[in-house]
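All residue numbers refer to positions in the sequence shown, counting from 1.
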Amino acid sequence: MGNELLSRKKFLTLTVTGLAYFATPSILSGQEKKKDRGPALAGELVKEFVVAGHGNLARTREMLEEKPALLNATWDWGGGDFETALGGASHIGSREVAEYLITKGARMDIFSAIMLGQIEIVKSLVNAFPQVLQSKGPHGLTLVHHAKKGGDSAKAVLEYLNSNGLTE
């Protein structure tokens with residue numbers, strides 16, 4: 001019986017060691033089996049979608065229905081000035097486009113939350129990360145700019161930003 005127990009222990013040890021050996025490379029690299037994502041989106045298509053997001057709801061909707069992968073696509077205007085369709089809608093004050101994109105799953109950020117007047121989201125972010133008050137959005141536009149573009153529905157957010165020393 002002593003040899004059988006030793007054999008079981010050895011079997012279990014070898015099994016666990018073998019599993020760890022084969023699992024470790026993917027765990028350490030942070031990669032799992034990658035699914036085929038398909039080709040990258042064409043730059044001009046992304047640019048067109050981002051431009052449409054600045055206020056053209058019909059075109060934004062049409063393009064997104066045709067190519068859902070555009071939802072979070074980002075265009076670089078140059079020099080690292082990245083923008084999404086939601087970012088464009090947010091700094092223009094196009095609430096209708098912004099809300100449409102968010103309902104489709106767009107990645108909401110502090111700039112869109114500010115423009116939409118989502119004071120609790122803004123306060124939570126500022127409480128957790130006070131440095132976010134210095135963040136700049138697409139084209140270097142400030143948090144205050146986005147609040148002003150939100151109009152009456154973002155008035156409380158604008159007052160909150162002002163109370164934190166931000167005037168522009």
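A ring pair (Phe, Tyr, Trp, His ring centres under 6.0 Å) check over residues 118-138, counting only residues at least two apart or in different chains, returns nothing. Sorted by first then second residue, the side chain to side chain donor-acceptor pair (under 3.5 Å) pairs that include residues 52-69, not counting sequence neighbours, are E48-R59, H54-E83, H54-H91, R59-E62.
For the pair F49 and A85, the tightest heavy-atom approach, listed with the atom from each and the gap, is CE2-CB, 3.5 Å. Contact between A98 and A89 at its shortest, heavy atoms only, is N-CB, 3.8 Å. Contact between L161 and A147 at its shortest, heavy atoms only, is CD1-CB, 4.0 Å. Closest non-hydrogen pair, K104 versus L71, comes out as O-CD2, 3.2 Å. Listed here is the closest heavy atom pair of A73 and L41: CB-CD1, 4.0 Å. Taking every heavy atom of both residues into account, L70 and M63 meet most closely at CD1-O, 3.9 Å.
Cluster annotation: I92 is not connected to M115 through the hydrophobic network of ILVMFWY side chains, with a link wherever side-chain heavy atoms come within less than 4.5 Å. No chain of hydrophobic side-chain contacts below 4.5 Å, direct or via other Ile, Leu, Val, Met, Phe, Trp or Tyr residues, connects L141 to V122. V50 and F82 sit in two unconnected hydrophobic clusters of ILVMFWY residues. Membership requires side-chain heavy atoms under 4.5 Å apart, directly or through other members.
No side-chain donor from either of S124 and N127 sits under 3.5 Å from a side-chain acceptor of the other.
Other residues, nucleotides and ligands contribute only 12 or fewer heavy atoms inside 6.0 Å of the CG atom of D152.
From L101, atom CG reaches atom CG of L86 across 6.0 Å, with rounding to the nearest 0.5 Å. Atom CE in M108 sits 8.0 Å away from atom OG in S90 (nearest 0.5 Å). Going from atom CG of L143 over to atom NZ of K136 covers 7.5 Å, rounded to the nearest 0.5 Å.
With hydrogens and angles ignored, the 3.5 Å screen pairs no side-chain donor or acceptor of N164 with any backbone N or O of L166. At distances below 3.5 Å, at least one donor-acceptor pair connects side-chain atoms of R95 with backbone N or O atoms of L116. At least one donor-acceptor pair closer than 3.5 Å links the side chain of D109 to the backbone N or O of S112.
Contact annotation: the side chain of L133 approaches that of V126 to within less than 4.5 Å [non-hydrogen atoms, C-beta and beyond]. K149 places none of its side-chain heavy atoms less than 4.5 Å from the side chain of I114. Between K123 and I119 there is a side-chain heavy-atom pair separated by less than 4.5 Å. A heavy-atom distance below 4.5 Å is not found between the side chains of P138 and W77. Between L64 and Y100, the closest side-chain pair of non-hydrogen atoms falls below 4.5 Å. Using a 4.5 Å heavy-atom threshold, the side chains of L158 and K148 count as touching. In this structure the side chain of T167 never reaches within 4.5 angstrom of the side chain of V144, judged on heavy atoms.
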- Task: Just do the side-chain hydrogen bond (donor to acceptor under 3.5 Å, both in side chains) check on R107 and T84 with the steps written out, would you?
- Result: CA-CA 9 Å; R107 297 177 192 134; T84 63; over 6 Å; no

